[in-house]
Amino acid sequence: MVKFSKELEAQLIPEWKGAFVNYWLLKKQVKKIKLSRVPKQPSDAARDFGVSIFDPVRFVTKRISEMLFNFDNKTEIIQVKSKIMEDGDEEEIYETELAQLFSSEDEVRVFFEALDVELNKVNQFYKTKESEFLERGEILNKQLQILLDLKQILNYRRWKNSGSKSNIPSVPSSWSSSPRNSDFSTESVAESNTAPTEITQTSEALAALERNGVNFINTTTGGKTKKGKPKTAMRIDIPNTTPTRTITAVTSMLWEDLVNNPKKDGPGEFINRKKIQCAEKMIRGAFVELYRGLGLLKTYSSLNMVAFTKILKKFDKVSNQQASESYLKAVKISHFICSDKVVRLMDEVESIFTKHFASNDKKKAMKFLRPQQNKDSHTVTFFVGLFTGCFVSLFSVYAILAHLSGIFSPSTERDYMETVYPVFSVFALLSLHLFMYGCNLFMWKSTRINYNFIFEFQPSTALKYRDAFLVCTTFMTTVVAAMVVHLILRAKNFLPSQVDAIPGVFLLFAVALLVCPLDIFYRPTRYCFIRVIRNIVCSPLYKVLMVDFFMADQLTSQIPLLRHMESTACYFLAGNFRSHQYETCRSGRLFRELLYVISFLPYYWRAMQCARRWFDECDVNHLANMGKYVSAMVAAGSRITYANNPHSHLWFYIVVITSVVATVYQLYWDFVMDWGLFDPKSKNLWLRDELILKNKSIYYASIALNAVLRVAWVETVMGFHRIPDVESRLLDFLLASLEVIRRGHWNFYRLENEHLNNVGKYRAVKTVPLPFRETDSDG
């Protein structure tokens with residue numbers, strides 16, 4: 001049977017852990033009471049002289065007297081009282097008084113004082129979150145009503161433009177009820193010179209909207225109140241998440257800055273069906289998050305009730321008293337148990353979502369509101385073990401064949417390293433990165449870091465650590481199998497042009513699998529990866545999410561992989577696999593210029609993301625972060641230039657200076673900003689106050705390891721080693737692998753810090769921006 005403390009640890013909401021009952025502290029208090037009640041060894045004078053034949057009679061008499069005379073007072077051992085604190089806001093506080101003396105009265109009083117503190121904490125947190133969700137629900141109802149009104153107006157406009165006289169759209173029911181305090185700005189829909197019925201229909205609609213506070217600018221109804229003040233208007237505020245919206249927003253902002261006198265009497269915003277669809281999608285997402293938050297609050301209430309029940313039963317068992325019944329009465333009438341507002345709001349959200357977003361299909365609505373998580377499959381675990389064994393066996397076979405065929409002899413090593421090494425090293429580095437990501441997922445799950453919430457992944461389609469290991473082992477097994485086939489075909493004296501085409505065919509197969517539209521091999525994850533890469537490549541046109549800049553950081557550690565992809569593309573596109581003229585690519589001017597571009601691109605993308613986040617959030621820290629990537633670009637460019645001019649002392653000093661500056665900059669940002677460490681006021685020396693890992697020495701070792709591997713990564717592109725080609729390639733691969741390991745090591749602490757920020761703000765639900773906002777109608 002699992003202990004309740006472990007069950008509570010597994011089921012509680014990680015971001016709200018500080019607001020739950022501190023069950024572990026209360027257990028310690030109960031243990032102190034138990035230790036204080038251990039009887040002392042009696043002295044010799046007070047020793048009993050044996051068992052008497054009257055002992056059973058005495059025992060029965062004592063029990064009967066207790067039942068007769070103490071029956072009415074058995075629940076009066078403690079008295080739980082509530083009082084209202086009037087410190088600005090009225091707050092109900094529970095206090096417990098001991099109505100009966102205990103043998104360990106001090107420890108009991110401390111226990112109930114701690115219990116009161118926990119009950120008051122839970123009650124207050126529940127009230128705060130409940131009021132937040134109720135307020136959010138009211139706002140969403142208003143937003144939904146505005147959306148329904150606009151859809152009715154657009155339907156009328158489309159009917160009017162079509163010239164049809166049948167199927168006249170009805171006026172929304174909200175035009176005659178549910179008054180609003182906000183207006184809405186759009187283009188006029190009241191202009192009509194056709195049939196009188198159309199004019200009457202439009203006039204009634206506009207008049208009804210005016211009565212409910214919705215103002216259509218540039219209509220005949222006017223734009224001012226009776227006192228002459230401009231009316232407020234409600235505009236659609238669609239986030240600039242796509243390139244088109246971003247370019248439009250920047251263009252309008254620059255135009256207003258240049259003209260310095262934007263129009264105040266313009267026609268307002270043009271409302272079309274596409275904007276309404278975007279607004280509907282935003283409101284639907286907000287309802288889903290509201291429902292999720294209400295479900296979390298309901299879980300919070302039930303878990304805390306069980307915790308109070310369990311700890312009071314432990315106290316009764318230790319103290320041999322029946323105090324739980326009296327205290328549980330107070331708990332059951334407290335707000336977090338007796339309030340039914342959350343349950344009623346959940347039912348209301350279900351009905352609204354089913355009606356307006358699921359076409360009255362309850363099952364379809366529940367797929368959005370309660371997405372089911374895929375259970376861990378033993379089949380995945382089996383295939384992970386199977387492919388791991390296949391990889392080890394095939395790699396052993398490859399090593400033996402390579403030794404027997406003399407593939408690394410001076411006469412054949414260059415051909416092999418130019419054709420096979422770039423392609424297979426790409427998949428090897430990618431598989432290593434997937435393995436590190438699988439380790440990250442395992443550690444995040446073990447330490448209760450809510451990575452799905454941080455990355456905004458769908459729980460039903462998000463990769464689990466077993467899935468990541470399966471993809472990794474599948475890739476590595478396939479790669480090594482292709483390498484073995486390549487060696488066997490070379491030994492069978494096949495044409496070199498045919499044999500050397502195998503890496504290219506393998507690469508094309510991998511790309512085809514990535515974009516395959518069939519629902520096989522984790523299609524949601526593959527398409528999510530493609531979407532994130534698109535957002536990175538098109539930076540800063542797309543809005544930057546956590547998963548976007550997290551993936552861009554991964555790309556900054558895979559510059560060797562991108563270089564191998566460049567050489568592979570040049571090798572196959574130029575037809576060098578047929579002629580075996582390897583210098584065609586390496587000596588070409590375009591190849592050398594592309595080498596600069598590829599070395600710059602990951603840092604450029606990341607810098608553009610920082611610029612976009614500064615544009616959206618106006619936080620100067622993003623500009624400072626952008627400076628880190630600019631310094632890395634300068635250092636990378638200087639290292640490439642020095643590699644082309646290895647005898648230049650000037651470029652040697654430039655490389656040393658720029659690399660040192662970039663490395664120090666990166667280390668500072670890693671430790672202070674990304675990991676949140678080196679806090680001089682922390683109770684944990686040079687760390688931070690909150691640590692997920694219990695062993696502090698792990699953090700100090702991680703700091704040292706990250707610093708060493710950062711320096712090793714700088715050394716990978718210095719080009720100072722003068723060793724043979726094969727050893728040089730293997731050393732490059734080793735150092736590139738160390739950088740991938742460093743990045744996987746960095747990932748855990750980066751997400752730990754993000755998770756602790758969410759915990760500190762009790763942020764367990766995503767705040768979805770809403771489309772309609774109030775603004776002045778004159779601009």
Side-chain angles (χ1 to χ4, degrees), residues 9-10 14-15 17 384 429-457 459 462-472 525 529 532 545-558 602 606 625 628 666-679 682 684-713 736-760 763-764:
E9 181 71 25
E15 290 80 6
K17 183 176 181 179
V384 169
L429 291 174
L430 182 60
S431 300
L432 178 61
H433 215 133
L434 281 170
F435 175 77
M436 295 304 300
Y437 181 64
C439 294
N440 290 148
L441 294 177
F442 176 77
M443 288 299 299
W444 291 334
K445 181 181 179 181
S446 302
T447 54
R448 301 275 294 160
I449 294 177
N450 195 353
Y451 61 90
N452 283 335
F453 172 69
I454 295 173
F455 289 140
E456 301 182 20
F457 287 160
L463 276 187
K464 299 180 175 62
Y465 71 91
R466 289 186 178 90
D467 300 319
F469 287 146
L470 177 61
V471 176
C472 168
T525 301
F529 175 77
V532 171
L545 303 178
M546 174 73 184
V547 66
D548 296 330
F549 66 78
F550 187 84
M551 178 61 73
D553 280 327
Q554 311 306 306
L555 291 180
T556 59
S557 295
Q558 287 287 14
R606 193 65 187 88
N625 195 15
K628 178 186 72 173
Q666 290 165 349
L667 287 174
Y668 169 80
W669 206 269
D670 283 346
F671 299 143
V672 178
M673 306 301 293
D674 291 337
W675 293 6
L677 304 178
F678 286 170
D679 183 3
S682 173
N684 302 311
L685 182 63
W686 294 110
L687 299 178
R688 51 174 130 79
D689 291 338
E690 299 294 331
L691 300 174
I692 289 182
L693 301 179
K694 296 180 180 180
N695 193 348
K696 298 179 186 178
S697 60
I698 297 178
Y699 290 90
Y700 296 116
S702 298
I703 291 173
L705 181 63
N706 188 72
V708 171
L709 293 181
R710 273 288 189 188
V711 175
W713 170 73
S737 301
L738 289 177
E739 169 58 17
V740 172
I741 294 173
R742 187 203 67 81
R743 179 58 63 181
H745 171 258
W746 176 91
N747 290 342
F748 172 80
Y749 297 100
R750 176 65 183 89
L751 232 66
E752 179 198 25
N753 189 36
E754 188 71 21
H755 174 75
L756 291 176
N757 289 336
N758 291 336
V759 170
R763 187 166 51 203

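Heavy-atom basis, side chains included; hydrogens, waters and symmetry copies ignored.
- Listed by chain and residue number, Cys439, Phe469, Cys472 satisfy the side-chain contact (heavy atoms from CB on, under 4.5 Å) test with Phe435 (two or more places apart in sequence, or in another chain).
- No donor-acceptor pair closer than 3.5 Å links the side chain of Glu754 to the backbone N or O of Ile454.
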Margin query: Thr447 vs Phe748, test: side-chain contact (heavy atoms from CB on, under 4.5 Å). Steps then yes/no.
Written below: CA-CA 10 Å; Thr447 54; Phe748 172 80; 3.9 Å; yes
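- Classification of the Phe442-Tyr465 ring pair by plane angle, with boundaries at 30° and 60°, yields perpendicular.
- Applying the side chain to side chain donor-acceptor pair (under 3.5 Å) rule to Ser446 yields no partners; only residues at least two apart in sequence or on another chain are considered.
- Nearest heavy atoms, Ala462 versus Asn452: CB-OD1, 3.3 Å.
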Next item on the list: I would like to know whether Tyr699 and Trp686 meet side-chain contact (heavy atoms from CB on, under 4.5 Å); could you show each step before the answer?
Entry: CA-CA 10 Å; Tyr699 290 90; Trp686 294 110; over 6 Å; no
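- Using cut-offs of 30° and 60° on the angle between ring planes, the pair Tyr437 and Trp444 is perpendicular.
- Note that OG1 of Thr556 is 4.0 Å distant from CZ of Arg743, once rounded to the nearest 0.5 Å.
- Listed by chain and number, the residues in a salt bridge (Lys or Arg N to Asp or Glu O under 4.0 Å) with Arg606 are Asp553 (sequence neighbours excluded).
- A distance of 5.0 Å separates CG in Asn706 from CG in Asp670, rounded to the nearest 0.5 Å.
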Margin query: Please determine whether salt bridge (Lys or Arg N to Asp or Glu O under 4.0 Å) holds for the pair Lys17 and Glu690, giving the CA-CA distance in whole Å, both sets of side-chain angles, and the decisive distance to 0.1 Å.
Written below: CA-CA 13 Å; Lys17 183 176 181 179; Glu690 299 294 331; over 6 Å; no
